Peer 1: 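Below: one structure in structure tokens.
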There are 4 protein chains.
Amino acid sequence: MRFMSDNTASACPEILAAIAAANRGRVHAYGEDEWSQRLDRVLSDFFGTEVRAFAVATGTAANALSLATLSPPYGAIFAHEEAHIVTDECGAPGFFTGGAQLVLLPGEHGRLTPERFRAALTAHPTHLHSVQAAVLSLTQATELGTSYRRKELAQLAEAAHERGLRVHMDGARFANAVAFLNCHPGDITWRAGIDVLSFGATKNGALAAEAVVFFDRSLVKDFELHRKRAGHLLSKARYTAVQLLTYVEDGLWKRNAGRTNHLAQRIGRAGGQMLLHPVEANEVFLRLGNERRQQLRAGGFEFYDWGPESRGEARLVVSWDQPEEEVQALCEALLRL
Amino acid sequence: MRFMSDNTASACPEILAAIAAANRGRVHAYGEDEWSQRLDRVLSDFFGTEVRAFAVATGTAANALSLATLSPPYGAIFAHEEAHIVTDECGAPGFFTGGAQLVLLPGEHGRLTPERFRAALTAHPTHLHSVQAAVLSLTQATELGTSYRRKELAQLAEAAHERGLRVHMDGARFANAVAFLNCHPGDITWRAGIDVLSFGATKNGALAAEAVVFFDRSLVKDFELHRKRAGHLLSKARYTAVQLLTYVEDGLWKRNAGRTNHLAQRIGRAGGQMLLHPVEANEVFLRLGNERRQQLRAGGFEFYDWGPESRGEARLVVSWDQPEEEVQALCEALLRL
Amino acid sequence: MRFMSDNTASACPEILAAIAAANRGRVHAYGEDEWSQRLDRVLSDFFGTEVRAFAVATGTAANALSLATLSPPYGAIFAHEEAHIVTDECGAPGFFTGGAQLVLLPGEHGRLTPERFRAALTAHPTHLHSVQAAVLSLTQATELGTSYRRKELAQLAEAAHERGLRVHMDGARFANAVAFLNCHPGDITWRAGIDVLSFGATKNGALAAEAVVFFDRSLVKDFELHRKRAGHLLSKARYTAVQLLTYVEDGLWKRNAGRTNHLAQRIGRAGGQMLLHPVEANEVFLRLGNERRQQLRAGGFEFYDWGPESRGEARLVVSWDQPEEEVQALCEALLRL
Amino acid sequence: MRFMSDNTASACPEILAAIAAANRGRVHAYGEDEWSQRLDRVLSDFFGTEVRAFAVATGTAANALSLATLSPPYGAIFAHEEAHIVTDECGAPGFFTGGAQLVLLPGEHGRLTPERFRAALTAHPTHLHSVQAAVLSLTQATELGTSYRRKELAQLAEAAHERGLRVHMDGARFANAVAFLNCHPGDITWRAGIDVLSFGATKNGALAAEAVVFFDRSLVKDFELHRKRAGHLLSKARYTAVQLLTYVEDGLWKRNAGRTNHLAQRIGRAGGQMLLHPVEANEVFLRLGNERRQQLRAGGFEFYDWGPESRGEARLVVSWDQPEEEVQALCEALLRL
């Protein structure tokens with residue numbers, strides 16, 4: 001029973017069916033096909049504002065290309081110290097931007113606070129010997145399975161904009177945040193001041209599809225050239241685009257996120273006192289200790305240790321295709337511990 | 001009737017079926033799945049030698065990551081002046097290598113000659129004010145639809161190796177070359193001295209899958225880290241790997257390439273005196289002149305103009321899923337011109 | 001008797017005297033000193049228009065920083081195939097721009113022609129698969145010791161500007177061109193459409209000082225940040241600035257360039273039929289053949305072979321501190337050959 | 001009375017005299033001159049071991065080129081959060097390495113402790129989703145005017161080497177540390193496990209000269225190519241080299257550092273309870289508060305505020321050419337506060 005990551009999940013049948021349906025005849029390549037051409041329209045409707053949207057195949061590409069569009073090579077990118085761009089992308093932001101520097105901030109439950117961010121911005125030098133504050137990158141839902149509230153996002157974005165920074169959102173699990181907050185997708189993006197969103201679909205049911213969504217279309221500039229020269233413009237682009245269209249238009253995003261959030265909350269409740277962070281998406285973090293980690297594993301449950309060995313923490317992630325019985329079994333096992 | 005590019009093609013039913021078959025349950029992500037783990041074995045068998053193989057989703061990624069592994073930032077990469085890496089990848093080699101410089105060489109029918117390459121190498125400075133000769137990149141089949149013979153490749157590779165350069169092959173249409181030459185895949189790669197191959201599948205029937213194949217495994221070094229930080233390690237890696245496995249194991253590569261080569265040759269014959277280059281893959285280049293280009297288009301045929309407007313040239317590419325009737329119609333139209 | 005390069009020269013006594021005169025007390029660092037602060041004024045007067053000027057210590061830095069300001073990472077930089085940025089800077093343009101691609105053009109006597117450049121521009125693709133035409137880089141005086149006439153420069157710049165490119169001039173030997181053409185420095189720069197000039201002083205008598213001069217001040221943008229992060233902002237900046245001030249204000253540039261041009265012309269005349277290029281600066285290129293090269297060297301003359309061994313060519317450069325007797329001896333030796 | 005930075009200082013008369021003495025005749029350029037050729041020998045004698053040494057003109061170049069030699073683009077560079085490479089080089093390490101990521105550690109008085117560094121290393125992931133631990137960069141003397149003891153350095157270097165990292169030392173004020181510790185230069189470099197040193201001379205009396213010193217010569221590799229393509233190989237290299245030779249051979253390094261250390265200690269004693277860090281080099285940090293900062297400035301003393309405004313801290317730096325009377329006046333003013 002695998003609770004390692006939502007990356008271990010399969011692709012939704014609806015996604016495969018849509019790929020198959022698009023698999024007819026010779027169509028223009030490199031995004032000139034009818035599916036790619038519909039992306040802007042469909043995502044504009046989804047977010048309730050006019051956007052420009054670009055498909056890529058990986059979340060690292062979506063994030064790094066976004067950051068390269070927003071930050072000059074001498075930029076400073078502010079992020080939570082546990083953000084994916086910091087810990088899990090092998091330095092992609094540095095590569096794509098040509099050397100921008102990450103400024104890492106702590107924050108409880110994976111969230112930055114407006115206060116701390118403002119303080120960091122104030123302390124950040126503006127003279128030419130320093131990297132120049134350029135981007136605030138937020139993760140929604142966060143790496144610790146929590147979700148920013150709209151107001152928090154708005155305050156963070158306001159603090160950034162006041163100083164001329166741009167705001168990027170890593171939305172690898174964006175759908176989970178929307179489902180948890182039970183809000184409109186626009187509420188926690190452009191209405192809160194987000195400029196560019198990495199809108200993930202892969203973790204939540206797609207095969208390999210993420211969209212870079214520009215709410216401020218003046219920022220698009222040469223994004224397409226960056227994408228091309230980074231090898232992230234797919235030739236048979238219809239197959240990536242159709243995944244995104246299906247994900248949004250069929251309501252897959254919500255159905256899957258709602259289900260995984262719900263199952264994660266059950267696990268969180270079963271975790272009881274061991275729970276480390278509020279369950280506001282599809283991830284559950286527990287302080288199990290070594291012995292109980294071993295017991296769980298002996299019971300057939302697979303998951304990642306989290307953080308330093310000594311803390312004895314574990315991360316359990318619910319995938320969209322996780323059988324309910326596996327969750328049930330996990331809850332029972334946790335209660336038995 | 002679309003003869004613009006093999007990128008306009010759909011994906012083979014066998015490829016989609018294989019993806020669907022792999023779409024079961026939660027498996028390890030990022031290449032730790034059983035399909036990805038079989039890549040080395042299957043491609044070693046295919047090439048008849050022990051290789052290391054890595055899947056990516058685009059040809060630009062395959063080429064640029066290969067070059068970044070073979071060339072230092074201060075390297076010189078020798079290539080035909082019409083190579084894809086020169087004209088169609090928006091500077092990806094420069095981006096991935098950190099600034100390596102392309103050294104462009106002319107050559108009839110898209111092919112470099114050993115003589116010219118040797119002369120260029122001899123003329124290339126070795127002092128520290130110059131970029132340092134690092135890589136020879138060859139395209140097989142070439143951008144002009146021709147194929148190097150094994151002996152030519154061996155001579156080119158030998159000239160490169162003598163001076164300590166490494167040899168990369170852009171094999172976006174590798175299968176077409178093998179089918180045309182009716183040889184073993186090893187004959188025109190490692191047996192001829194190729195060190196690293198971008199082994200394309202997308203153009204010839206896959207959905208989005210290319211393999212970087214290292215024949216000299218000592219060169220792999222940190223390829224995986226480069227791939228990861230460039231955003232080219234797919235999380236649900238099984239779906240890319242299974243395409244490559246199917247492409248090779250089911251003989252799709254040969255079946256499709258054989259068919260498109262054959263159809264292209266028919267078009268070439270119909271082109272008669274207008275034919276610009278021998279048809280040794282699935283591409284046909286014709287000197288039509290403006291009037292005949294218009295006539296063909298009026299007849300419902302879509303294709304790209306090639307080269308400077310004044311030369312009146314056209315490129316016609318046969319896709320794996322091109323209906324035979326379309327080829328027949330094109331041949332008749334050409335004969336009528 | 002050393003005729004290898006004007007880089008072998010010493011520094012003018014006036015330059016050393018000016019450094020010594022500036023060597024008093026503690027002054028603001030990093031360009032906030034009074035000498036650096038005067039650069040804009042003094043160079044604006046020199047060029048007869050309002051410029052922004054920035055000091056660096058090497059010509060490669062001046063060129064590469066200029067190009068990085070004018071070209072995006074996905075840019076194409078058009079240059080003569082023998083330009084210094086192409087052959088002698090170890091790929092610096094690629095490094096500083098983040099991977100821009102050089103487009104090399106031939107041209108007699110080291111000069112590009114407007115016709116050929118226009119043709120290359122027309123042929124250069126504009127689609128997003130190609131690097132985007134961004135900069136024309138001209139060398140004045142050229143690497144082959146010739147000088148563009150004002151009209152040629154104006155035509156070249158016009159062709160560039162029409163297509164939205166910017167024009168950079170590598171003026172490592174700019175003073176020699178002005179002296180040869182007997183024109184105002186503005187005539188062959190901003191009045192001819194040059195946007196940014198690498199204004200060299202080192203070869204012509206300074207110790208280590210070059211200025212990047214922006215005629216279009218809107219292009220300066222973040223030049224200072226690029227210079228800083230490339231390590232090219234000197235802390236004790238007064239010593240670089242004072243060299244440039246002295247070079248310009250004391251007329252050193254003209255005195256030295258006039259003298260070396262004059263001496264080079266004497267050598268050129270002595271070279272007679274062996275002369276390869278008109279002598280329009282301080283360099284002389286001769287087709288000597290191997291035997292005569294050996295004879296000259298046996299006579300105590302040091303110089304570089306030029307081009308492929310088989311052509312038997314030689315480059316002889318006159319330095320500002322070259323004793324007239326050495327030139328006299330060289331002329332006599334050439335006449336004896 | 002300027003106590004802003006040792007970068008405001010002039011150059012020693014001995015340095016200027018040596019430049020003038022080297023200013024004779026035409027010599028080989030780009031480091032082939034006799035002065036540059038002596039650098040390895042003289043610095044090997046200075047450090048008591050065989051080294052390779054390369055001259056550059058700025059500290060940022062020395063640091064960034066060192067780091068680019070030691071770290072791959074996907075490397076992690078561990079450093080104190082107040083290190084110059086972190087706060088004052090505008091992202092140069094990211095630029096030169098192609099995107100390596102800084103890992104910042106706190107540490108009292110500007111010093112890292114072996115314990116904290118070991119903990120950070122242990123916590124740093126090794127999987128391919130993370131940047132790979134590559135370099136430990138230490139500053140000696142530190143940015144807060146303190147000096148590591150030899151044993152601390154050895155423990156830090158040992159922790160780094162155990163995990164395969166390389167150790168870089170930013171020695172912009174190296175001479176001050178040696179003078180304070182009253183040790184042999186080898187004691188706090190190669191004998192303590194330092195692999196590469198940025199050996200600064202500019203702040204301590206040179207005009208513009210720093211040496212990159214490789215104690216492990218196997219690491220030099222392509223340093224010279226990196227230096228060239230970064231524009232940091234000076235053409236008239238004799239003038240940089242001769243500064244370094246004079247600095248070392250004439251004992252300037254020690255004389256100047258001893259004097260400024262001594263004067264700084266006087267200021268430190270006058271600072272009394274306001275002193276923030278032990279004075280172990282030529283810098284003094286005081287908690288003055290805003291009122292006393294104003295008073296001092298009203299008294300004619302120039303210095304930088306340090307850290308956040310609210311902390312009311314000040315940095316006072318003694319330059320090699322600081323008149324003793326200015327120090328005396330400063331001490332008296334501090335005692336009066």
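All values derive from a computational prediction rather than experimental measurement. Each chain gets a letter, A, B and so on, in the order its sequence line appears, and its residues count up from 1.
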Peer 1: Between C:Phe96 and D:Phe95, what is the shortest heavy-atom contact and its length?
Peer 2: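 Minimum heavy-atom contact is CA-CZ, 3.9 Å.
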
Peer 1: In terms of heavy-atom proximity below 4.5 Å to chain C, should D:Asp33 be classed as side chain, backbone, both, or neither?
Peer 2: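 Neither part, no heavy atoms under 4.5 Å.
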
Peer 1: Tell me the salt bridge (Lys or Arg N to Asp or Glu O under 4.0 Å) pairs involving residues 61-72 of chain D, sequence neighbours left out?
Peer 2: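 Checked against salt bridge (Lys or Arg N to Asp or Glu O under 4.0 Å) - neighbours excluded - no pair reaches residues 61-72 of chain D.
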
Peer 1: If you count heavy-atom pairs under 4.5 Å between each of D:Pro323, D:Gly98, D:Ala237 and chain C, which one has the most?
Peer 2: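 The option with the most such pairs is D:Pro323.
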
Peer 1: Look up atom CG in C:Asn7 and atom CD in D:Glu32, then write down how far apart they are to the nearest 0.5 Å.
Peer 2: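 Answer rounded to 0.5 Å: 12.5 Å.
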
Peer 1: Tell me, out of C:Arg24, C:Arg2, C:Lys203, who's got the most heavy-atom pairs with chain D below 4.5 Å.
Peer 2: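 Most pairs with chain D among the choices: C:Arg2.
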
Peer 1: In terms of heavy-atom proximity below 4.5 Å to chain D, should C:His226 be classed as side chain, backbone, both, or neither?
Peer 2: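 No part of C:His226 comes within 4.5 Å of chain D.
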
Peer 1: Do you know which of C:Lys228, C:Glu224, C:Arg227 makes side-chain contact (heavy atoms from CB on, under 4.5 Å) with D:Cys90?
Peer 2: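 Filter result, single survivor: C:Lys228.
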
Peer 1: Would you say the side chain of C:Lys236 lies within less than 4.5 Å of the side chain of D:Thr202, judging by non-hydrogen atoms?
Peer 2: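 Heavy-atom side-chain distance check passes, below 4.5 Å.
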
Peer 1: Heavy-atom pairs under 4.5 Å with chain D: which of C:Gln322, C:His232, C:His28 has the most?
Peer 2: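 The candidate making the most pairs under 4.5 Å is C:His232.
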
Peer 1: Only one of D:Asn23, D:Ile19, D:Leu207 passes side-chain contact (heavy atoms from CB on, under 4.5 Å) with C:Leu207; say which it is.
Peer 2: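 One option only clears the test, and that one is D:Ile19.
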
Peer 1: Check side chain to side chain donor-acceptor pair (under 3.5 Å) between C:Asn256 and all other residues, then give those that pass, not counting sequence neighbours.
Peer 2: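 So C:Asn256 forms no side chain to side chain donor-acceptor pair (under 3.5 Å) with any residue.
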
Peer 1: Show your working on side-chain contact (heavy atoms from CB on, under 4.5 Å) between D:Arg26 and C:Glu302 and close with a plain yes or no.
Peer 2: CA-CA 11 Å; D:Arg26 285 155 302 296; C:Glu302 294 182 81; over 6 Å; no

Peer 1: Tell me, out of C:Gly25, C:Ser5, C:Ala22, C:Ala20, who's got the most heavy-atom pairs with chain D below 4.5 Å.
Peer 2: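 Option with the greatest count: C:Gly25.
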
Peer 1: Which answer fits D:Leu233, side chain, backbone, both or neither, if we ask what part of it has an atom under 4.5 Å from a heavy atom of chain C?
Peer 2: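 Backbone of D:Leu233 only, per the 4.5 Å heavy-atom cut-off to chain C.
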
Peer 1: Side chain, backbone, both or neither: which part of C:Glu326 has a non-hydrogen atom closer than 4.5 Å to chain D?
Peer 2: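 Contact with chain D involves the side chain of C:Glu326 alone.
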
Peer 1: Identify every side-chain donor-acceptor pair in residues 10-18 of chain D under 3.5 Å, counting partners at least two apart or on other chains, and give the distances.
Peer 2:
unit_1: D:Ser10; atom_1: OG; unit_2: D:Asp321; atom_2: OD2; d: 2.6
unit_1: D:Glu14; atom_1: OE2; unit_2: D:Arg255; atom_2: NH2; d: 3.3

Peer 1: Name the member of C:Asp6, C:Leu234, C:Leu65 that forms the most heavy-atom pairs with chain D at distances under 4.5 Å.
Peer 2: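 Between C:Asp6, C:Leu234, C:Leu65, the count favours C:Leu234.
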
Peer 1: So if I take each residue of residues 53-63 of chain C and look for any heavy atom under 4.5 Å from a heavy atom in chain D, which residues do I end up with?
Peer 2: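 Those residues of residues 53-63 of chain C which have a heavy atom under 4.5 Å from chain D are C:Ala57, C:Thr58, C:Thr60, C:Ala61.
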
Peer 1: Checking D:Tyr239 against chain C: side chain, backbone, both or neither under 4.5 Å from a heavy atom?
Peer 2: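 For D:Tyr239, side-chain heavy atoms alone lie under 4.5 Å from chain C.
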
Peer 1: Which residue out of D:Ser235, D:Ala230, D:Ala208, D:Ser319 racks up the most heavy-atom pairs below 4.5 Å with chain C?
Peer 2: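 Option with the top pair count is D:Ala230.
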
